[in-house]
Amino acid sequence: MNSTNRAANRLFILVIGLTLLVVGAGAAATVLVPVVRDGWSDATGPVTHQVSTWLQQTALGDTGVSWIMPAVLVLLVIAVIVLVVFIARQGRGHTSVALTEPTSEHGTTVVEAAVAEHALEEAISARPEFVASHVSTYRVRRTPVLKISVTCRRGVSPRDAARIVEDAVRALDELLGRPLPALVQISGGFRSRVTATTRLQ
Amino acid sequence: MTTTLTSLDTAQDARPDSASNGSGTPVPASFTRLYRRIARRETHSPRSLLAIVLAVIVIVALAWVGTEIVIALLGAPALLVAPADMFAGTLGLVDAPVAIVATAGILVAVIGLVLVIAAVSPGRRARHLLSAERTAIVVDNEVIASALARHASLAGNVDPDNASVSVSHRHAVVHLTPTSGIPVDRAVVTEAVTRQLDSYGLRPPVSARIQIAENGRIGA
């Protein structure tokens with residue numbers, strides 16, 4: 001329901017995984033495979049020489065310090081900022097507006113999501129089939145969508161739970177005059193396991 | 001906005017039977033695509049936790065390297081390893097003890113492989129879609145199992161505590177332990193459980209398998 005960029009999550013995990021795979025396998029191969037080991041030993045001298053040449057050539061003014069290190073530092077800071085933004089972007093997408101409609105030429109009617117949420121919770125929470133219920137509103141593809149999560153008591157048929165919630169949603173449709181898209185999430189969880197079986201039917 | 005509303009109304013007029021039980025407003029056709037996306041997202045893991053944990057670890061590592069660079073530029077002694085030593089250490093990999101480097105390398109490679117698998121596998125959650133007219137409904141497998149256990153124990157005339165059900169992606173395994181001396185009619189239980197599953201209209205469909213214990217339990 002939330003606007004988490006799942007492709008980005010998977011891409012990030014894939015990149016880190018591939019990096020670790022290559023680095024780990026490379027390190028193991030370097031010490032275990034004789035050919036790679038010899039190649040690595042031969043390359044050590046030239047690479048050290050090359051890098052120290054670079055560091056000397058890129059001196060920053062007359063301080064004697066190379067600008068490569070500060071440049072690396074800037075790249076690190078940028079990477080950290082990008083990662084922080086990446087973390088902060090997770091799990092967003094709540095909205096507080098259920099309906100926006102230009103009802104006349106002079107104004108717009110806005111129905112707060114709280115109206116729908118309270119109406120549904122009022123209708124559902126008193127039912128003995130449910131231990132707990134929660135209604136929230138998310139924006140999915142720029143459309144407000146209601147999310148109704150209910151926790152069933154032990155042994156309650158999901159069909160019955162679905163019917164109760166759907167009836168409440170239909171009543172809300174009547175109230176608002178137009179249907180809102182809705183997701184119903186029927187879950188069990190710890191609280192339903194410790195409560196007694198319902199004596200229904 | 002007005003145009004979309006009009007099109008919504010015509011869509012409703014064109015499909016007057018979209019809410020077959022006739023109560024309440026019919027569902028606009030525009031919801032279907034939305035519901036498909038929501039259903040897909042609700043039955044698969046977003047991999048958020050793993051991504052956040054990895055991102056935090058990478059941030060800490062980068063911050064440490066950055067700090068070492070600043071300290072080295074200031075000419076102060078390093079916190080753990082100076083950048084120059086990091087570079088020299090990487091190049092001098094072959095001179096390090098073989099066993100340690102090989103073990104660490106293989107360990108890191110295995111972690112990398114696990115991450116790659118996590119990134120490309122579907123990551124299904126233990127949930128099913130329930131057929132519905134007005135809303136999109138996802139049900140935890142746990143709830144399905146709990147309801148099946150109640151119906152199976154009623155049909156088989158055993159105590160609810162002696163019925164255990166496990167629901168996986170495509171199968172529901174009902175395990176009943178009969179009360180000693182009272183046989184359980186497998187056909188009746190199968191029929192009751194199958195009828196329940198059919199009434200849920202789960203996606204993907206779940207087929208039931210009934211197991212009845214050989215030995216009954218006394219006093220249950």
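Note that the coordinates shown come from a computational prediction; the quantities given were computed from them, not determined experimentally. Numbers restart at 1 for each chain; the letters A, B, ... are given by sequence-line order, proteins then strands.
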key: Under 4.5 Å from any heavy atom of chain B - which part of Q185(A)   = both
inquiry  = Would you compute the distance between atom CD of Q90(A) and atom OG of S48(B) and round it to the nearest 0.5 angstrom?
reply    = 4.0 Å
note = Heavy atoms of F87(B) and T48(A) approach each other most closely as CE2-CA, 4.3 Å
key: Most contacts with chain B, counted as non-hydrogen pairs under 4.5 angstrom, among V47(A), T30(A), L14(A), I148(A)   = L14(A)
message = Return the CG to OG distance between N141(B) and S187(A), rounded to the nearest 0.5 Å.
response = 12.0 Å
ask   = Taking every heavy-atom pair that is under 4.5 Å apart, which of A88(B), A63(B), A55(B), P46(B) has the most such pairs with chain A?
value = P46(B)
task = Examine the side chains of T135(B) and R170(A) and answer whether a donor and an acceptor come within less than 3.5 Å of each other.
result = no
Minimal non-hydrogen separation, V156(A) against A147(B), with atom names = O-CB, 3.5 Å
ask   = Is the closest side-chain heavy-atom distance between V116(B) and L18(A) below 4.5 Å?
value = yes
ask   = Backbone N or O of R41(B) within a donor-acceptor pair of the R6(A) side chain at under 3.5 Å?
value = yes
message = Report which part of I137(B) has an atom under 4.5 Å of a heavy atom belonging to chain A: side chain, backbone, both, or neither.
response = both
ask   = Got a second to check how far T67(B)'s OG1 is from L76(A)'s CG, nearest 0.5 Å?
value = 9.5 Å
ask   = If you look only at pairs with a residue in residues 192-201 of chain B, which of them pass as a salt bridge (charged side-chain N to carboxylate O under 4.0 Å, His left out), with sequence neighbours excluded?
value = E191(B)-R195(B)
task = Supply the atom-to-atom distance L50(B) CG to F12(A) CZ, rounded to the nearest 0.5 angstrom.
result = 9.0 Å
key: Interface moiety of A132(B) toward chain A, non-hydrogen atoms closer than 4.5 Å   = both
note = Heavy-atom closest pair (P181(A) atom, Y35(B) atom, distance to 0.1 Å) is CA-OH, 3.5 Å
remark   = With chain B, the option among A28(A), A79(A), A8(A) that has the most non-hydrogen atom pairs under 4.5 Å is A28(A)
ask   = Based on non-hydrogen pairs under 4.5 Å, which of I117(B), I106(B), V98(B) is most in contact with chain A?
value = V98(B)
ask   = Checking R47(B) side chain against A7(A) main chain: does a donor-acceptor pair fall under 3.5 Å?
value = no
remark   = By salt bridge (charged side-chain N to carboxylate O under 4.0 Å, His left out), R127(A) pairs with (sequence neighbours left out) E129(A)
query = Does CD belonging to E122(A) count more than 12 external heavy atoms closer than 6.0 Å?
reply = no
remark   = With chain B, the option among N5(A), V51(A), L146(A), V165(A) that has the most non-hydrogen atom pairs under 4.5 Å is V51(A)
Side chain, backbone, both or neither of S131(B) within contact of chain A (heavy atoms, under 4.5 Å) = both
ask   = Which value, rounded to the nearest 0.5 Å, describes the distance between T19(A) atom OG1 and L115(B) atom CG?
value = 10.0 Å
inquiry  = Quick check on R37(B) against chain A: is it the side chain, the backbone, both or neither that has a heavy atom closer than 4.5 Å?
reply    = side chain
ask   = So, for L73(A) and G66(B), which heavy atoms are closest and what is the spacing to 0.1 Å?
value = CD1-O, 3.3 Å
remark   = Nearest heavy-atom approach of L180(A) to R134(B) is O-NH2, 2.5 Å
query = Checking V56(B) against chain A: side chain, backbone, both or neither under 4.5 Å from a heavy atom?
reply = both
ask   = Under a 4.5 Å heavy-atom cut-off, does chain A meet the side chain of I59(B), its backbone, both or neither?
value = both
task = Kindly compute the distance separating CG (D95(B)) from OG1 (T44(A)), expressed to the nearest 0.5 Å.
result = 7.5 Å
query = If you count the non-hydrogen atoms of other residues, nucleotides and ligands that lie under 6.0 Å from NE2 in H169(B), is the total more than 12?
reply = yes
CZ (R125(B)) with more than 12 external heavy atoms under 6.0 Å = yes
request  = Please report the shortest heavy-atom distance between L73(B) and P70(A), naming the atom on each side.
outcome  = CD1-CG, 4.2 Å
request  = Give a yes or no answer on whether the side chain of R37(A) reaches the backbone of V94(B) with a donor-acceptor pair at less than 3.5 Å.
outcome  = yes
message = Taking every non-hydrogen pair under 4.5 Å, which of T143(A), L11(A), V22(A), V140(A) racks up the most with chain B?
response = V140(A)
query = So with a 6.0 Å cut-off around CZ of R141(A), is the heavy-atom count from everything else above 12?
reply = yes
